[in-house]
Amino acid sequence: MRVLRFIPIWAFTLLCLMEDSSCADDSSVVNPCCYFPCENGGVCVRFGSDGYECDCTRTGYYGKNCSIPDFWIRIQLLVKPSTDTTHFFLTHFQWLWDFVNNTFLRGKIMKLMLTLRTHLIPTPPTYNSKYNYLSWESYYNLTFYTRLLPPIPEDCPLPMGTKGKAVLPDPKLISQHFLKRTKFRPEPQGTNVMFGFMAQHFTHMFFRTDHILGAIYTKALGHGVDAGNIYGDNLERQHLLRLRKDGKMKYKVLNGEMYPPTVLDAPVKMYYPKHVPDEHRLAIGHEHFGLVPGLCMYATLWLREHNRICDILKAEHPTWDDEQLFQTSRLIIIGEIIHIIIEEYVQQLSGYNLKLLFDPTLLFNEQFQYTNRIAMEFVQLYHWHQLMPDTFLIDGDEIPLGEFLYNTTILTHYGIEKLVDSFSRQHAGQIGGGHNSPAQLLYVAELSLNDSREGRIQSFNQYRKKFELKPYSSFHEFTDDEEMAEELEELYGDIDALEFFPGIMLEKTRPNSIFGESMMEMGAPFSLKGLMGNAICSPQYWKPSTFGGETGFNIVKTATLKKLVCNNTKWCPYVSYHVPRNQEEAEPRKPSTEL
Ligand code: HEM
Ligand SMILES: *[C@@H]1O[C@H](CO)[C@@H](O)[C@H](O)[C@H]1NC(C)=O
Ligand SMILES: *[C@@H]1O[C@H](CO)[C@@H](O)[C@H](O)[C@H]1NC(C)=O
Ligand SMILES: *[C@@H]1O[C@H](CO)[C@@H](O)[C@H](O)[C@H]1NC(C)=O
Ligand SMILES: *[C@@H]1O[C@H](CO)[C@@H](O)[C@H](O)[C@H]1NC(C)=O
Ligand SMILES: *[C@@H]1O[C@H](CO)[C@@H](O)[C@H](O)[C@H]1NC(C)=O
Ligand SMILES: CC(=O)N[C@H]1CO[C@H](CO)[C@@H](O)[C@@H]1O
């Protein structure tokens, strides 16, 4: 099959004159893989100049395009409920879940969820933004984010392959017209700002795009939950942040409480605007965490928790040196993070009535590999700036977002208790559906869209298929917002050409939900694979001795957000990822309710 490009012949002649190599391999032939002909995970390989083969090995499908299901897949397709059905089930029937929560069924269903979700993530990782075929370089070089789907081939006739318009919409237009907040829309599941800052603090340990090397590279070589945001992502930085005594991290005491040191005491590179003097430059594991007081708050909490654990370990192991106390505390901290993320953070996000369970032993008899590689698609979909309100309400004061940024005095002025209390009471914004991103953060969305083009990320519908979801057949099916549907159609020309980033952000939300089907069904597999694929969850590591004995193991197994806060503060504020649900929770807290 020969299809001419939409470029006049004279242009080719000109190209041939300029660069004679392109004349030799008949460049008027469209790379057949630009049509993405291989269905169901089949791999497209070009043969000759206009031929291709789909490798359907172990997909369960066969035929030229891997589109014909074999017997077992047919049966599975018949019995498999749709993701919307499963979601409805998990978010309704409270009485049923009240029963399940308290029986062995809780573990069974959790195990099923973990295996079904994580099998969607390939291990070992496959492609990256430079290699749209398997390669040793792609497997071995950790500087790349991995990719679930290979990049769109460079030589396709159109930016998205063979569909849509010749020019993609201006990123500024997408962000200003579709993402920009018109009126603050609170998140309907009750998610709060405390959750928002956790999202930012947690994810930035493994999302560290290296914009100097390029959008397809990462600075976080740990590719998962390594607590590099607390300890620094390299040994030199870690050593500058460590006290070198009893396993502890350096700290500063203010008003009798522990805070991060300043760059005067821990001379690490931190990003602050020029006007911030060194005495106010907090030194934190992550060089950008001076950005918002919410991040400094979490940095302070984890710092206090680390040093608290060092004391506990030292009491039980007086012979241990600084290094062993430090390393063991770090593993405990990693365990606490994973525990809190699964049982509280993902719980809040999911809206499920099933009480989620963090228990690594659930996977011990399953085929599961304890390794993880961060994917560029995961970075893209996690741009949840819509969570941020335009104004923060702290202890009766209203602080606009602009005044909040790099404002290092807010942390110590209010103290951890009041910040936690205020952030836990304030609604976060709804992520999905569009028109809800704070104006100050729109350029980050633009940057993300630019990045996705640099990485030649495939269309939203291609990812729908990859995650076993039905591709949308029209913009009107994609969103209920008529005006948006028409405008997007105008800009992209074809639903199959809609880019991944606007797709994931603008898709219609599920009823009373934080975002749409795709964000949930694509985000959860990446997230759960990253959490459970951690070394500490493996049979080799998941045992008391790893954490210094039963005491440390129990700290990991019973970690909660509330303990993280209240074991490290003078009084216990209202602390949750959910705004107060009842009168009791809504009651103001005072220093007198000291723990
Ligand atoms: C006031 C709050 C926030 C500000 C000022 C802010 C600002 C920024 C900026 C400037 C970048 C670009 C960094 C770069 O140049 O690579 C960025 C990236 C990003 N932000 Fe935010 N952000 C905020 C809140 C959040 C929240 C709540 C989330 C939720 C998860 C989030 C998720 C991300 C992600 C995933 C990236 C991409 C990271 C990367 O590629 O390395 N941000 N943000
Ligand atoms: C395979 O896919 C190509 C491109 O989408 C299409 O033109 C062709 O008809 C398909 N062939 C079969 C046998 O399904
Ligand atoms: C089961 O867990 C869900 C989610 O945490 C919760 O809404 C529900 O009340 C729980 N039921 C019981 C009996 O714990
Ligand atoms: C990984 O790839 C980058 C970009 O191609 C290169 O600069 C770097 O040296 C590679 N790293 C290793 C360890 O090969
Ligand atoms: C920091 O926040 C405080 C309290 O809202 C405000 O008075 C101050 O002007 C802010 N500082 C900067 C540099 O924005
Ligand atoms: C995105 O790319 C456009 C076009 O190349 C450029 O003008 C714009 O400054 C970029 N935006 C950001 C935020 O980097
Ligand atoms: C040392 C300390 O205060 N530990 C407490 C941590 O929090 C839990 C639950 O609130 C308490 O039971 C511990 O005593």
Side-chain angles (χ1 to χ4, degrees), residues 1-3 29-40 42-47 50-56 59 61-69 125 127-131 135-146 153 156-157 160-163 209-221 223 234 258 301 304-316 332 336 339-340 344 373 376 420 454-455 458-459 461-462 465 471 494 496 551-552 554-576 589 593-595:
M1 181 184 56
R2 278 162 183 262
V3 180
V29 173
V30 172
N31 176 352
C33 294
C34 292
Y35 291 94
F36 303 108
C38 308
E39 308 279 335
N40 303 302
V43 178
C44 187
V45 184
R46 190 178 187 180
F47 282 85
D50 60 355
Y52 73 95
E53 274 178 22
C54 294
D55 183 349
C56 315
T59 59
Y61 291 79
Y62 61 97
K64 172 81 177 158
N65 294 341
C66 312
S67 47
I68 310 165
Y127 309 104
N128 68 28
S129 304
K130 201 169 152 192
Y131 294 91
S135 70
W136 189 257
E137 183 61 17
S138 179
Y139 165 69
Y140 173 80
N141 191 330
L142 299 176
T143 340
F144 290 98
Y145 285 123
T146 187
C156 293
M160 298 309 287
T162 56
K163 293 192 177 165
T209 302
D210 190 339
H211 278 115
I212 293 171
L213 261 184
I216 64 176
Y217 300 102
T218 176
K219 287 182 277 185
L221 305 186
H223 284 274
N234 63 74
M258 190 186 291
L301 282 168
R304 291 181 187 178
E305 181 67 0
H306 175 93
N307 287 350
R308 189 181 77 89
I309 287 170
C310 288
D311 285 335
I312 295 173
L313 287 177
K314 184 166 179 178
E316 289 195 359
I332 294 175
E336 287 192 52
H339 194 281
I340 293 173
E344 296 181 79
R373 195 77 60 88
M376 191 169 170
V420 169
E454 191 178 329
Q458 289 189 31
S459 71
N461 261 348
Q462 283 293 109
K465 291 192 253 173
D494 189 326
D496 286 332
T551 308
N554 275 327
I555 292 178
V556 171
K557 289 197 284 191
T558 63
T560 62
L561 173 67
K562 186 171 180 185
K563 280 195 216 168
L564 170 67
V565 170
C566 298
N567 278 342
N568 294 299
T569 47
K570 286 190 180 149
W571 52 278
C572 197
Y574 172 66
V575 46
S576 175
R589 309 287 163 108
T593 57
E594 233 170 81
L595 260 199

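FYI, side chains are in, hydrogens and waters are out, and symmetry mates aren't considered; it's all heavy atoms of this structure. For clarity, every value in this text was computed on a predicted model and none was experimentally measured. Index from 1, following the sequence. Both ligands and their constituent atoms are indexed starting at 1 by order of listing.
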Check each atom of ligand 2 against the heavy atoms of Y52 and keep those under 4.0 Å away; list them by number with element.
1 (C), 2 (O), 3 (C)
Contact check: K563 vs ligand 7, nitrogen or oxygen atoms, below 3.5 angstrom:
no
Under 3.5 Å: N/O of K64 near N/O of ligand 2
no
Protein heavy-atom partner closest to atom 5 (O) of ligand 4 - residue, atom, separation in Å
K130 NZ, 3.8 Å
Side-chain contact, heavy-atom cut-off 4.5 Å: E39 with Y61?
no
Looking at ligand 7, does R308 have a heavy atom less than 4.0 Å from it?
yes
May I ask you to check if K163 and Y35 form a cation-pi contact, with NZ or CZ under 6.0 angstrom from the six-membered ring centre and within 45° of the axis?
no
Look at the aromatic rings of Y217 and F144 and report parallel, tilted or perpendicular, splitting at 30° and 60°.
tilted
Note, T569 side chain near R304 side chain (heavy atom, < 4.5 Å):
yes
Measuring to protein heavy atoms, does anything land under 4.0 Å from atom 13 (C) of ligand 4?
no
At under 4.0 Å between heavy atoms, is it the side chain or the backbone of Y140 that contacts ligand 4, or both, or neither?
neither
Are the side chains of N128 and I216 in touch, meaning some heavy atoms are under 4.5 Å apart?
no
Can you sort out which atoms of ligand 7 are near N567, meaning under 4.0 Å from one of its heavy atoms?
2 (C), 3 (O), 4 (N), 5 (C), 6 (C), 7 (O), 8 (C), 13 (C)
Show which atoms of ligand 2 fall inside a sub-4.0 Å distance from at least one heavy-atom site of P37.
2 (O), 4 (C)
Protein non-hydrogen atoms only, distance under 4.0 Å: does atom 7 (O) of ligand 4 have such a neighbour?
no
Expected output: side-chain T59 to main-chain C56 donor-acceptor under 3.5 Å
yes
Closest protein heavy atom (residue, atom, distance) for atom 10 (C) of ligand 4
N141 ND2, 2.5 Å
